[in-house]
S.K.: 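Below is one structure. I have some questions about it.
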Amino acid sequence: MSIWETIKSWFRIKSNKVTLDVVLNRPSEISESDLVEILNKAREGDVENELYAGVLYLKGARIPQDPSKAMEFLEKSAQASNLDAQKILAKEYMSGSCIPQNLKQSFEWFQKAAYRGDIESMHYLGLMYEEGHAVEKDIYKAIECFQKAADLGYAEAKVEIADIYYEGVDLPMDRTKACKMYKEILAGNTSTVDVGRIYMCLGQAYADKFFPCGLQEGEGITFLKNAIEKEYFEAVRILALLGKELDEGYRKWLFEFSAQHQDNPYCAFAMGICYENGYGTFKDYNSAFNYYKKSADLGDPWGMHCTACLYLKGLGVEESVDEWFRLETQAAEGGVPPAQYQIGVFYLRETRTEQSLEKAKRFLKSAADNHYDDAIKALKEIPDFGFQEESTSSQVNTQTQIPSEQKPEPQKIVQNFETQQPSTPTQVNTQTQIPNEQKPEPQKIVQNFETQQPSASTQMNTRTQIPNEQKPEPQKIVQNFETQQPSTPTQVNTQIQIPSEQKPEPQKIVQNFETQQPSAPTQVNTQTQIPSEQKPEQQ
């Protein structure tokens, strides 16, 4: 054979040599002779060909799929310290796509590969520590694994660390640190990361005004625009909600882009915002309603909320409270904070049942968890033991609640019975009374509930509440019993009164507490409860 033929033969052998990339991604390029050679050498115990044979049996490429044979060859190659076999085996045990899932085996193989310096395995180990898969959940060990991989140039691991600080689930939230890391990732090699998602996170961090993120106004809006160009259309909705901060050029761009993609729910919502506020176009409530409704029909909760608002105001559509309630409830269930607040307030104002109170608390708490200020204020006004009316000089508190741990001692109550003098010898009413001239008319209360419109920026005090931290201490309550004097002889005192000529001796009151059988003229207010463990001993 000539030298030239020898060189050509050598290059042909090199070009036909099978690699892992070919086996994984282009198995159709493997010739019949190469396939036979791979299987024969794998049976002979060749570590590299055991890996190739295992992958081919696993994928069912060029040979019938056989998971049991695949795992047999991969296990042999991995036990012989083939790094690629260890990683593939670990991933298969994690996913359970072709073989039964075994997270413990997955963790062990990733650990072996990571110990040998494989950065991808370090990343996967971090994920397993973060989620608590086959190992006790440990966010600090997760960050340690991610950091080792990131220091070796694995950008995806650095994204994981930034996400942890961004979300603040298992560590204190630090949006400033997260955004700094996101920007560092964008400045480096981004071939292995989702750039659009990073732009989206940066834009969302800027839009969340409750948490400092270290981004300037121009940066935040630019990141949102970049996310939109990467087809992260949720950024369109965020940008539309920030419409007041946009200059006219951005507003026009937002309107034109949304018009081109109006079949997308986020873009349809943005079109509604533009028409309602005149961003990049003229104001048109009919068009705003149509686009909001289109967004709602496509499943966007924010579209449902804005459609509901127009139904309530009667803008661009005939006013309908029923449609408002239906759509606002759907939006609240979908996680829209202003909708959660409105529905929570609705249940507080319109009904007084225990079930409606629980619904009100649930929706208001969801809005408060999303840092909606009005919902936080409303929750503070709901005491633990029911609603309370505001007590002022012109309005009597009809139901003062005292937690069990704050109820005055029985002896103090006896003393109050002894010392408190009523203005007239009238019989004690067993219920808390409101003077006739102070009672609000029922019709007026109904009218107030009907005419007051909920507003995202206006807090609605549905019943005057006293937060737990503002409830009077027992001693203050005792003082009120002792010192409160009715304003006129005809005004009924809302506290417990006993006419002077009917006032029993302390010994008799103690007996009544013990037997719970007060006589008619000295009947104790039935709303004042005293726990059994606090009853005074019989004198």
Side-chain angles (χ1 to χ4, degrees), residues 210 241 269 272-273 276 285 288-289 292-293 295-297 299-390 395 397-399 401 440-468:
F210 310 103
L241 291 171
F269 172 82
I273 289 282
E276 183 179 7
Y285 288 117
F289 173 81
Y292 282 146
K293 188 174 184 303
S295 175
D297 291 342
D300 182 26
W302 278 92
M304 298 171 192
H305 167 63
C306 288
T307 307
C309 289
L310 293 186
Y311 268 120
L312 188 65
K313 299 173 184 177
L315 297 176
V317 66
E318 185 177 353
E319 182 178 340
S320 174
V321 176
D322 290 339
E323 282 299 300
W324 167 80
F325 180 77
R326 181 181 68 84
L327 288 167
E328 198 76 305
T329 301
Q330 291 179 12
E333 295 288 358
V336 179
Q340 292 168 338
Y341 169 73
Q342 297 286 10
I343 294 299
V345 167
F346 172 84
Y347 279 115
L348 282 179
R349 297 174 63 200
E350 298 300 325
T351 55
R352 295 292 184 272
T353 65
E354 182 178 351
Q355 183 179 7
S356 67
L357 177 59
E358 290 304 315
K359 288 182 179 179
K361 286 182 177 180
R362 177 169 65 88
F363 283 114
L364 289 174
K365 185 179 184 305
S366 297
D369 290 343
N370 286 310
H371 308 280
Y372 199 75
D373 289 341
D374 289 339
I376 296 172
K377 295 176 183 177
L379 277 177
K380 288 181 179 179
E381 294 177 359
I382 304 177
D384 292 338
F385 294 88
F387 293 102
Q388 291 182 318
E389 302 293 339
E390 185 176 8
Q395 183 177 1
N397 190 334
T398 61
Q399 191 177 4
Q401 302 292 338
E441 298 179 6
Q443 184 60 30
K444 291 183 179 179
I445 295 176
V446 173
Q447 290 174 354
N448 288 338
F449 285 137
E450 291 176 352
T451 58
Q452 186 176 2
Q453 301 297 339
S455 169
S457 60
T458 305
Q459 181 184 0
M460 289 178 245
N461 191 338
T462 61
R463 301 188 75 181
T464 303
Q465 311 298 337
I466 301 179
N468 295 336

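All figures in this text were calculated on a predicted structure; none of them were measured in a lab. Scope of the values below: all heavy atoms of this structure, side chains included, with no hydrogens, waters or symmetry mates.
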S.K.: Less than 6.0 Å separating the ring centroids of Tyr292 and Phe269?
M.R.: yes

S.K.: Minimum heavy-atom separation for Leu310 and Ala288, please, with both atom names.
M.R.: CD1-C, 4.2 Å

S.K.: Specify the closest pair of heavy atoms between Ala308 and Trp324, including all atoms of both residues, with the distance to one decimal.
M.R.: O-CD1, 3.3 Å

S.K.: Might you point out which heavy atoms bring Leu379 and Ala368 nearest each other, and give the distance in Å?
M.R.: CD1-CB, 3.7 Å

S.K.: Ignoring hydrogens, what is the shortest heavy-atom contact between Pro301 and Gly334? Give both atom names and the distance.
M.R.: CG-O, 3.9 Å

S.K.: Not counting sequence neighbours, which residues clear side chain to side chain donor-acceptor pair (under 3.5 Å) with Lys359? List them please.
M.R.: none

S.K.: How far does OH of Tyr347 sit from NZ of Lys361, to the nearest 0.5 angstrom?
M.R.: 16.0 Å

S.K.: May I ask you to decide if the ring planes of Phe289 and Tyr311 are parallel, tilted or perpendicular, using 30° and 60° as cut-offs?
M.R.: perpendicular

S.K.: Roughly how far, to the nearest 0.5 Å, is the CG atom of Leu327 from the NZ atom of Lys293?
M.R.: 8.5 Å

S.K.: Would you call Thr307 and Val317 a side-chain contact if the rule is heavy atoms closer than 4.5 Å?
M.R.: no

S.K.: Listing request: all salt bridge (Lys or Arg N to Asp or Glu O under 4.0 Å) pairs with a residue in residues 332-342, at least two apart in sequence or in separate chains.
M.R.: Glu333-Arg362

S.K.: Do the charged groups of Asp373 and Lys377 touch, with an N to O distance under 4.0 Å?
M.R.: no

S.K.: Kindly give the heavy-atom pair with the smallest separation between Gln340 and Asn370, and that separation in Å.
M.R.: OE1-ND2, 3.5 Å

S.K.: Distance check, rounded to the nearest 0.5 Å: Leu348 atom CG versus Ser356 atom OG?
M.R.: 7.5 Å

S.K.: Could you check if a side-chain atom of Glu323 sits within less than 4.5 angstrom of a side-chain atom of Arg326, using non-hydrogen atoms only?
M.R.: yes

S.K.: Tell me the closest heavy-atom pair linking Gly344 and Leu364, and the distance in Å.
M.R.: CA-CG, 4.0 Å

S.K.: Taking the side chain as everything from C-beta on, heavy atoms only, tell me whether His305 gets closer than 4.5 Å to Glu328.
M.R.: yes

S.K.: Rounded at 0.5 Å granularity, tell me how far OG in Ser295 sits from CD1 in Ile273.
M.R.: 9.5 Å

S.K.: Are the side chains of Phe325 and Ile343 in contact, using a 4.5 Å heavy-atom criterion?
M.R.: yes

